[in-house]
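Residue numbers start from 1 in every chain, and the chains themselves are labelled A, B, ... in the order their sequence lines are given, proteins ahead of strands. Quick note: numbers below take in every heavy atom, side chains included, and nothing from hydrogens, waters or symmetry partners.
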There are 2 protein chains.
Amino acid sequence: MIDKPELDKRKAFILATVVYEYINTAEPVGSVTLAQKYNLGVSSATIRNEMAELEAGGYLVQPHTSAGRVPSDAGYRTYVDRLMPPEQLTKDDTRRIRDQFREASRELGDVIEQTTRLLSGLSGNLAIAIAPSRDTHAFKHIQLIWLSARTSMVVVVTSGGVAAQRVIEWQTDVAADDLTRLSNALNSRLGGRIMQDVTAGQLDAICADSGASAEMREAVRGAFAQARQTDEPGLAASGAQNLLDQPEFHDLRKLRAILRFVEEQRTLYDLVADELASDAPHTGQPHVRIGHELGPDELSECSVVTVPYSFGDRGVGVLAILGPRRMPYARLMALASGTARSLGDHLNDVEIR
Amino acid sequence: MIDKPELDKRKAFILATVVYEYINTAEPVGSVTLAQKYNLGVSSATIRNEMAELEAGGYLVQPHTSAGRVPSDAGYRTYVDRLMPPEQLTKDDTRRIRDQFREASRELGDVIEQTTRLLSGLSGNLAIAIAPSRDTHAFKHIQLIWLSARTSMVVVVTSGGVAAQRVIEWQTDVAADDLTRLSNALNSRLGGRIMQDVTAGQLDAICADSGASAEMREAVRGAFAQARQTDEPGLAASGAQNLLDQPEFHDLRKLRAILRFVEEQRTLYDLVADELASDAPHTGQPHVRIGHELGPDELSECSVVTVPYSFGDRGVGVLAILGPRRMPYARLMALASGTARSLGDHLNDVEIR
DNA sequence: GTTTGGCACTCCCTGGGTATGACTGCTAAG
DNA sequence: CTTAGCAGTCATACCCAGGGAGTGCCAAAC
């Protein structure tokens with residue numbers, strides 16, 4: 001681990017082959033296997049020497065003295081960044097993604113959840129999605145709906161198609177006309193504004209102008225607050241049971257730790273939301289984090305592929321795939337990218353204009 | 001299994017003790033353990049004889065010749081129906097349930113999900129909830145909201161506080177006034193009706209009376225259809241990872257089968273919805289199904305406690321706890337009942353009047 | 001200098017054999 | 001009917017040796 005010299009061509013090829021083989025077999029790979037299965041043109045002894053140097057360089061580790069080698073975090077990292085042949089989506093995958101979105105819902109929450117189901121099914125791993133942060137959406141419409149003298153419902157529609165909705169109980173009777181007047185005033189003066197640009201002061205001013213009561217003003221404020229609430233993540237995950245199939249998770253203790261981590265909305269959100277908060281430009285490229293790069297110890301044997309998706313020109317969410325470090329990175333990156341693109345397209349098509 | 005004679009007092013006590021001990025220890029229980037730990041007043045030899053007869057009667061089984069006994073489905077059944085001392089909710093549980101509902105959401109979907117989290121946390125098992133079937137709710141309000149000349153949003157509010165909502169794209173331009181007029185007409189003529197009693201013919205008539213276009217009529221029909229859709233179950237489950245802690249599920253194959261079963265919304269719904277469909281009167285009493293009584297082979301080592309909850313005077317949903325057959329039935333029944341009651345109360349308190 | 005074949009060594013895994021312990025069922029005596 | 005005692009059964013744990021996969025090193029070949 002001390003020095004990390006540039007890898008010469010043969011070392012790079014051997015490292016790539018070890019990672020590839022290990023991803024496919026889940027068994028530590030030895031020099032003889034490598035020499036036989038792949039056409040290296042050198043003997044196993046030479047490969048042994050190279051592998052020893054790769055281990056000294058921190059790219060490979062041995063589970064025990066007389067076992068083959070397994071990639072380390074750094075080994076996977078090098079593989080992903082520089083050695084791995086990129087993959088395209090297969091025809092079959094493309095079709096399945098297309099079919100899925102063709103009949104997808106128009107409700108943001110549902111779309112997000114369906115997308116995780118699709119992605120977990122295609123990838124055979126756990127899929128996670130974060131819905132776009134709400135306060136980057138444009139305000140479209142608010143409606144205060146009279147239900148009875150003491151109860152109303154307020155609905156806020158934004159460009160995400162997300163309608164924040166809540167029921168209000170009034171302390172004093174209200175008239176349907178007052179609600180309509182206030183709704184109209186808000187709509188005409190705020191239409192098209194970005195949610196996060198709407199200040200409480202503006203709301204108050206509009207309420208005052210249309211003669212709304214203090215109680216109604218509070219209701220409007222509350223509705224806007226809810227509509228752009230960002231700490232209610234809008235998170236979906238599915239496919240946790242896929243992890244059971246991975247041999248590295250046959251150890252119940254590890255599995256439990258991971259599942260507990262995943263069940264906790266908050267931690268899961270933090271895990272994926274790094275991607276949103278990061279200074280890296282949102283290039284739309286998938287991003288891979290491997291093992292300890294993820295942070296939490298529970299996930300030290302996992303990797304995560306994240307890819308941002310966008311719709312409109314502002315809203316940005318994230319798709320992610322969580323699986324064992326021994327995951328088919330190229331394929332999953334292609335899948336995540338393709339799904340993110342289709343999701344963005346779908347959201348754009350469906351967006352309320 | 002051939003004959004099932006009435007159990008005499010001592011046999012009943014021994015059976016109850018075996019079940020109790022096995023539930024607590026997860027180990028097959030032998031005659032000596034029983035004689036030592038519980039005050040039976042007879043020797044282990046006598047207990048052996050009794051246990052042999054209980055096995056002949058089908059109440060107990062031996063995992064292998066030289067092991068202790070384990071309850072059979074029939075043994076659990078007898079225990080639950082006749083032998084088990086009923087339990088009350090502990091002060092602590094009562095408090096936690098109360099606290100949970102005090103700050104619970106007003107949205108039906110959220111409440112249902114939060115309830116499963118509560119119940120899985122309290123019970124240490126998997127909790128499932130089915131939201132009330134929508135078409136038993138009373139219609140409260142419909143609003144067609146003008147977003148642009150070619151798009152609108154329609155919101156339907158029912159007594160469940162559930163608002164079905166959808167976005168509509170018109171083929172031809174519509175005017176905001178027309179939407180308001182139609183909304184008002186529908187509200188005044190349908191207010192308070194039970195959803196399932198509203199026919200398509202009535203909707204059409206109201207649309208015609210208020211001069212709505214064919215397209216608008218379709219939109220209204222669609223919104224009502226969505227609002228009372230029953231085949232969209234409104235299902236929540238949480239706590240699957242609790243099952244990992246149960247020793248009977250340390251076998252990965254069994255665990256996988258169960259988790260796959262649970263991940264599938266449809267099968268899970270069918271499992272719990274039996275309770276709704278059954279002819280049994282909804283007494284509010286918890287109902288227990290044990291092992292093979294559940295039907296699916298995957299669940300032959302599981303039991304389910306279900307309890308209906310009601311709100312208003314019609315809507316009925318179901319709470320359920322799924323766990324190993326070796327579950328603390330009395331406690332879980334108390335928990336499920338208490339939670340169902342609190343859930344019903346909460347829904348009543350929060351119901352839009 | 002690099003590559004290669006050979007060889008000794010290490011360590012995991014497996015399978016057989018055995019001891020152990022927790023049961024039961026049976027029998028005969030109380 | 002109950003009980004003590006005893007033989008028998010079976011799962012589990014344990015030890016141990018053998019096999020196998022793989023490495024590291026060295027000396028010879030290229």
Whether the side chain of B:T65 and the base of D:dC10 hold a donor-acceptor pair under 3.5 Å is what I'd like checked.
no
Do the side chains of A:C302 and A:I258 get nearer than 4.5 Å, heavy atoms only?
yes
Any A:Y79 side-chain heavy atom under 4.5 Å of A:P71 side chain:
no
Send over the distance from A:N49 CG to D:dT23 P, rounded to a whole Å.
11 Å
Rounded distance in Å - CD (A:E53) to P (D:dC25):
12 Å
Under 4.0 Å between a Lys/Arg side-chain N and an Asp/Glu carboxylate O for B:E87 and B:R331?
no
Between residues 30-43 of chain A and DNA chain D, which residues have a heavy-atom gap below 4.0 Å?
A:G30, A:S31, A:T33
Residue whose closest nucleotide on DNA chain D lies nearer the 5' end, B:R48 versus B:P63
B:R48
Check this for me: does any side-chain nitrogen of one of B:R266 and B:D270 sit under 4.0 Å from a carboxylate oxygen of the other?
yes
On the nucleotide D:dT23, are OP1 or OP2 found under 4.0 Å from the side-chain N or O atoms that A:R69 carries?
yes
Expressed as a whole number of angstroms, how long is the span from A:E50:CD to D:dG24:C1'?
15 Å
Students should find that the nucleotides of DNA chain C closing off the region near chain A, any atom under 4.0 angstrom from a heavy atom, are C:dT3 to C:dC12
Can you tell me which nucleotide in D:dA4, D:dA11, D:dT9 comes closest to the side chain of B:H64?
D:dA11
A:S66 side chain near D:dA21 phosphate (N/O to OP1/OP2, under 4.0 Å):
no
Which of B:I290, B:V19, B:I321 passes side chain to side chain contact (heavy atoms under 4.5 Å, CB included) with B:Y329? Answer is B:I290
Candidate pair A:I128 and A:V262, rule side-chain contact (heavy atoms from CB on, under 4.5 Å), full reasoning
CA-CA 10 Å; A:I128 308 162; A:V262 167; over 6 Å; no
What is the separation between atom CD1 on A:I47 and atom P on D:dT23, rounded to the nearest whole Å?
10 Å
Classify the nucleic acid contact of A:A45 as base, sugar-phosphate or nothing, counting any heavy atom under 4.0 Å across all strands shown.
base
Under the salt bridge (Lys or Arg N to Asp or Glu O under 4.0 Å) definition, can you give me all pairs with a residue in residues 59-73 of chain A, not counting sequence neighbours?
A:E55-A:R69, A:D73-A:R325
Measuring only between side-chain heavy atoms, which start at C-beta, is A:E298 closer than 4.5 Å to A:R260?
no
Mind telling me whether B:Y20 and B:Y38 have parallel, tilted or perpendicular rings, with 30° and 60° as the class edges?
perpendicular
